[in-house]
Amino acid sequence: MPDKHVQGLQTAAPVTWLASYPRSGNTLLRLVLKQCFGLASQSLYLDQDFTDPAIRELVGHEDVGCNPRRFVHLARRAGRGLFVKTHETPATDRHPAIYVVRDGRSAVVSHAHYLRDILHNDITLAEVIEGKAGLSWSQHVRAWTLPLRANTLVVRYEDLAAGNRDTLNAVSAFIGRSLLRGFDLSFERLHELHPAFFRRGSDAGNIAEMDAASVRHFEQHHGDMLRAMGYGDKFTRAGTVPGARPPLRG
């Protein structure tokens, strides 16, 4: 849930939502905004993972302080937009949004690790697949993309990670900012800064952690949505990912 002291951001313009299911590339998108466009971003959450100043600088994380309404007021007076991280479902507002989608198999494995290794929750991968840690992967993706929410750009985790030029150009056009440079920040550098948070970064590696029972369980709950999103044409082939596909815009 959003931290109470930043909930004022949920209804205030000029916000562009940076949305995703947990562990699906939200931080990666924030890295892209900072590294490629020179833009800071904010969050609905405390983001206590980013206490290291070096990580905060790389991500472009900007605290909103204890008075988010004043923060927004000052941003509006300065004519600057806000780019706000959220893992929530779409609100009733009409703010633009960039939604990052990731292969659901990789996302649930990464989310399970985060819940257990960083938050120290007693939860199994099966429970994450079933949505017992909040919305399930399918529920979250469906809420944002089926039907595609108006004024929303859908980009893929793997395309952001690869610095795909079509994807970067689509983000540039969507936010109305010129692309300053390509994205070439290595995952190895991020892993060195925070190994627990930037744990793996590899969809193939995450999916390879799933045993046969987990693969079947995911297929039962999310197989249709996985294929609707363009993943898993060969479902049992761990690590199968689609080629670069153009971002979707609503």
Side-chain angles (χ1 to χ4, degrees), residues 18-36 49-50 52 54-55 58-59 85 87 98-119 123-126 128-129 133 136-138 140-141 154-168 171 182-219 221-223 225-227 229-245 247:
L18 310 178
S20 74
Y21 177 80
R23 306 297 292 177
S24 291
N26 204 304
T27 299
L28 175 59
L29 176 59
R30 298 178 73 187
L31 285 161
V32 166
L33 289 179
K34 177 61 174 179
Q35 301 303 311
C36 301
D49 303 301
F50 302 149
D52 186 325
I55 296 177
L58 276 176
V59 173
K85 168 185 173 177
H87 292 311
I98 303 175
Y99 186 80
V100 187
V101 64
R102 185 179 192 179
D103 186 310
R105 297 166 292 183
S106 181
V108 296
V109 169
S110 182
H111 191 28
H113 274 286
Y114 181 82
L115 292 169
R116 291 194 301 252
D117 302 343
I118 295 182
L119 299 186
I123 194 166
T124 66
L125 176 58
V128 175
I129 290 172
S136 74
W137 178 77
S138 288
H140 200 281
V141 173
V154 179
V155 297
R156 295 178 179 274
Y157 170 90
E158 61 272 15
D159 292 339
L160 286 175
N164 177 268
R165 186 58 61 140
D166 288 342
T167 297
L168 296 181
V171 172
F183 184 70
D184 58 2
L185 185 63
S186 73
F187 185 82
E188 288 73 20
R189 181 183 179 190
L190 297 171
H191 180 75
E192 288 176 0
L193 288 171
H194 197 331
F197 187 84
F198 299 106
R199 187 184 65 89
R200 172 163 269 168
S202 165
D203 286 336
N206 283 340
I207 295 169
E209 294 186 26
M210 301 177 77
D211 59 20
S214 296
V215 170
R216 289 193 298 270
H217 199 50
F218 188 93
E219 165 69 6
H221 286 269
H222 308 292
M225 180 61 72
L226 188 78
R227 287 180 283 274
M229 290 293 103
Y231 297 99
D233 296 331
K234 301 286 187 182
F235 188 87
T236 57
R237 278 186 58 196
T240 297
V241 295
R245 303 186 183 201

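Throughout, numbering of the chain's residues begins at 1 and tracks the sequence.
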Worksheet, complete the sentence: Hits for ring-ring contact (aromatic ring centres under 6.0 Å, His included) against His113, two or more places apart or cross-chain, chain-then-number order -> none

Worksheet item: Hey, are Arg227 and Glu219 close enough for a salt bridge, meaning a charged N less than 4.0 Å from a carboxylate O?
Response: yes

Fill in: Heavy-atom closest contact (Val155 atom, Pro247 atom, distance)
CG1-CB, 4.0 Å

Practice prompt. Name all residues meeting the side-chain hydrogen bond (donor to acceptor under 3.5 Å, both in side chains) criterion together with His111; count only those two or more places apart in sequence or in a different chain, and write none if there are none.
Written response: none

Fill in: side-chain hydrogen bond (donor to acceptor under 3.5 Å, both in side chains) involving Asp211 - partner list, sequence neighbours excluded
Ser214

Worksheet item: Listed by chain and number, what are the side-chain contact (heavy atoms from CB on, under 4.5 Å) partners of Ala126, not counting sequence neighbours?
Response: Thr124, Glu130, His217

Discussion item. What verdict does the side chain to side chain contact (heavy atoms under 4.5 Å, CB included) test give for Val109 and Leu125, after you've listed the backbone C-alpha separation in whole Å, the side-chain angles of each residue and the deciding distance to 0.1 Å?
Written reply: CA-CA 7 Å; Val109 169; Leu125 176 58; 4.3 Å; yes

Discussion item. Please list all pairs meeting salt bridge (Lys or Arg N to Asp or Glu O under 4.0 Å) that have one or both residues in residues 109-118, counting only residues at least two apart or in different chains.
Written reply: none

Worksheet item: Does a side-chain heavy-atom distance below 4.5 Å link Phe183 with Leu160?
Response: no

Fill in: Partner set under salt bridge (Lys or Arg N to Asp or Glu O under 4.0 Å) for Glu192, not counting sequence neighbours
none

Worksheet entry | Asp166: partners by side-chain contact (heavy atoms from CB on, under 4.5 Å), with sequence neighbours left out | Asn164

Worksheet entry | Residues which pass side-chain hydrogen bond (donor to acceptor under 3.5 Å, both in side chains) with His87, listed by chain and number, not counting sequence neighbours | none

Worksheet item: So do the side chains of Asn26 and Val100 get within less than 4.5 Å of each other, counting heavy atoms only?
Response: no

Worksheet entry | Set of residues satisfying salt bridge (Lys or Arg N to Asp or Glu O under 4.0 Å) with respect to Arg102, sequence neighbours excluded | Asp203

Discussion item. Donor-acceptor pair, distance only, cut-off 3.5 Å: does the side chain of Ser106 make one with the backbone of Asp103?
Written reply: no

Item to complete: Please determine, by modelled atom types, if His140 and Tyr99 share a side-chain donor-acceptor pair under 3.5 angstrom.
Response: yes

Fill in: Side chain proximity check, Tyr231 to His222, heavy atoms < 4.5 angstrom
no

Response to the item:
With sequence neighbours left out, the residues meeting side-chain hydrogen bond (donor to acceptor under 3.5 Å, both in side chains) with Arg30 are Ser41, Asp47, His61

Worksheet item: If you round to the nearest 0.5 Å, how far is CG of Leu18 from CG of Leu28?
Response: 11.5 Å

